[in-house]
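Inspection log for the structure reproduced underneath, given as structure tokens.
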Number of protein chains: 2
Amino acid sequence: MTALDATTKAPADIIDLGPALSLRGTRMHFERNEEIFGEGEPAEYLYRVVSGAVRVMRFSTDGRRQILSFHLPGEVFGIELADKHSLTAEALDSTEVVMVRRSLLEKAAAEDARAARCWLEHASHTLDNARDHALILGRKGAGERVAAFLLGISKRLGQELDLPMSRADIADYLGLTIETVSRAFTEMERQHAIGLPSSRHVVMRNRSTLAMAAA
Amino acid sequence: MTALDATTKAPADIIDLGPALSLRGTRMHFERNEEIFGEGEPAEYLYRVVSGAVRVMRFSTDGRRQILSFHLPGEVFGIELADKHSLTAEALDSTEVVMVRRSLLEKAAAEDARAARCWLEHASHTLDNARDHALILGRKGAGERVAAFLLGISKRLGQELDLPMSRADIADYLGLTIETVSRAFTEMERQHAIGLPSSRHVVMRNRSTLAMAAA
DNA sequence: CGCTACTTTGACGCTCCTCAAGTAGCGTGG
DNA sequence: CCACGCTACTTGAGGAGCGTCAAAGTAGCG
């Protein structure tokens, strides 16, 4: 079931972590930049994006922000094992989510080994993404980072897409500054790898050029 | 049960992921720089370090290396859900490990919800470490990265320790070069934050200076 | 004792950050 | 409907930090 299917076909108030793990929850709305959960708060719920988009991030002690992931319609976030959140999640835009009490997930996992496995599978994918992210942050240049970001987002949103996040969000995701991200976008447009009819609207023109640039 | 306890008290050929999950395995020895498992290979085993140390890493397509974690005596690594490893693990030094067939773990998790939870807890800690790592790689300067590394390793090896890894390994863990890591070490010694009687032997002299530097 | 691998140190250059100015898009109110 | 102000984005100039290249120093090992 792809992200797209989830928005269109899945029942609106269900979080579906796999064949053996569907949980009923309640819908909730968040405004642009509104906090969904914050570091240190009790982790009472897990979430699925219905519409809109979400950023998940961690802060250093002196306030610098690292965005760890973006979540688009159909995607699940906020599943933690610990009682308290170690991350902060905010709506990128006016966003609709389904929230399910964590106790329901705990109960399902305790009663059904297949459900526990679905949970584990989700954690495993999250971990794999985090590892790719570390490779990007540790070993790639600015152009490569932005190319990797664009390839990742267009895999989820298609060849032509509206970015739900600002340049500042992209910068904090890629470990760069706003200006560097902006220059990379401009340069890719100049090379006809992408089209930029407006700053948030991206057309993937030459995927292989980008794949090359992402190394 | 701490890492130190595990080397001294735990039965040598047991991998212990928590109160409900102890698995018997077999010992195996690896030489310095020997591969324990490689990307793409079937993930048949999980591992615990008995003595020595291990680096776990991922490569970019053009061969650049990002070290994701180091594993010291008592620590578990190589637990994957996927059938194939997406990472490579190598011995940093002459290293003794216990290996347990993954099928045993799968069986334990399928039969006992508490065992599955232990597995999930391990994944959760791994993920939390990966997130801290992303913050370091994305948003910290060279000095801060090295300080964070030293604090992390001394938390596991004590105030006075022998680094099992080279400057090149530290550089590939922190997203820096050998030279930059070396310069940061020298600078910290100059500030009496650490002592460096030899290049691999570190004495933590002023933890709070380092904690400050790690920001 | 001499080789080899690792580490340190220095000089220089490139990438990306900083600071600053200017532009574009958009909602609000006149 | 346009003026205005706000925020986001772009562009440029200059500088800092880290990478690159080169060489010398050090330690382990046959």
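Residue numbers begin at 1 in each chain, while the letters A, B, ... track the order of the sequences.
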Touch class at under 4.0 angstrom, heavy-atom based, for B:Gly143 against every strand present: nothing
Under-4.0 Å side-chain N/O to phosphate OP1/OP2 contact, B:Thr180 with D:dG19: yes
Six-ring centre of B:Phe185, B:Arg167 cation under 6.0 angstrom, axis tolerance 45°: yes
Side chain of B:Ser182 (C-beta onward), nearest among C:dT8, D:dT20, D:dA8: C:dT8
Distance-only side-chain donor-acceptor flag, B:Asp169 / B:Ser166, under 3.5 Å: yes
Protein-nucleotide distance (A:Asp93, atom CG; C:dC26, atom P), rounded to Å: 13 Å
d(NE2, B:His201; P, D:dA27) in whole Å: 14 Å
Value in whole Å for how far the C1' atom of C:dT9 lies from CZ of B:Arg190: 15 Å
Closest nucleotide among D:dC9, C:dA20, C:dT8 to the B:Thr186 side chain: C:dT8
No-H, no-angle donor-acceptor pair, B:Arg183 side chain to C:dG10 base, under 3.5 Å: yes
A:His29 atom NE2, over 12 foreign heavy atoms within 6.0 Å: yes
Distance-only side-chain donor-acceptor flag, A:Gln159 / A:Arg207, under 3.5 Å: yes
Side-chain N or O of B:Arg32 closer than 4.0 Å to phosphate OP1/OP2 of C:dC6: yes
5′-ward residue of the pair B:Asn33/B:Arg139 relative to DNA chain C: B:Asn33
Distance in angstrom units between A:Arg167 CZ and C:dT23 C1', rounded: 14 Å
Under-4.0 Å side-chain N/O to phosphate OP1/OP2 contact, A:Ser199 with D:dT10: no
Value in whole Å for how far the P atom of D:dT26 lies from CG of B:Leu196: 14 Å
Listed nucleotide nearest any side-chain atom of A:Glu179, set D:dG12, C:dT8, C:dC6: D:dG12
cation_pi(B:Arg48, B:Phe77) dist<6.0 Å, angle<=45: no
Along DNA chain D (nearest heavy atom to each residue), the more 5'-positioned of A:Phe185 and B:Ser198: A:Phe185
Sugar-phosphate, base or nothing in reach of B:Arg200, heavy atoms under 4.0 Å: sugar-phosphate
Atom-pair distance (CD on B:Glu189; P on C:dT8), nearest Å: 9 Å
Atom pair distance, as rounded to whole Å: CD1 in B:Ile178 and P in C:dT9: 15 Å
Complement of C:dT7, any strand, by Watson-Crick or G-U distances under 3.5 angstrom: D:dA24
Check: B:Glu189 side chain, B:Thr186 main-chain N or O, donor-acceptor pair, under 3.5 Å: no
Between C1' of D:dG28 and CG of B:Asp162, the distance in whole Å: 14 Å
Watson-Crick or G-U wobble mate for D:dG30, both contacts under 3.5 Å: C:dC1
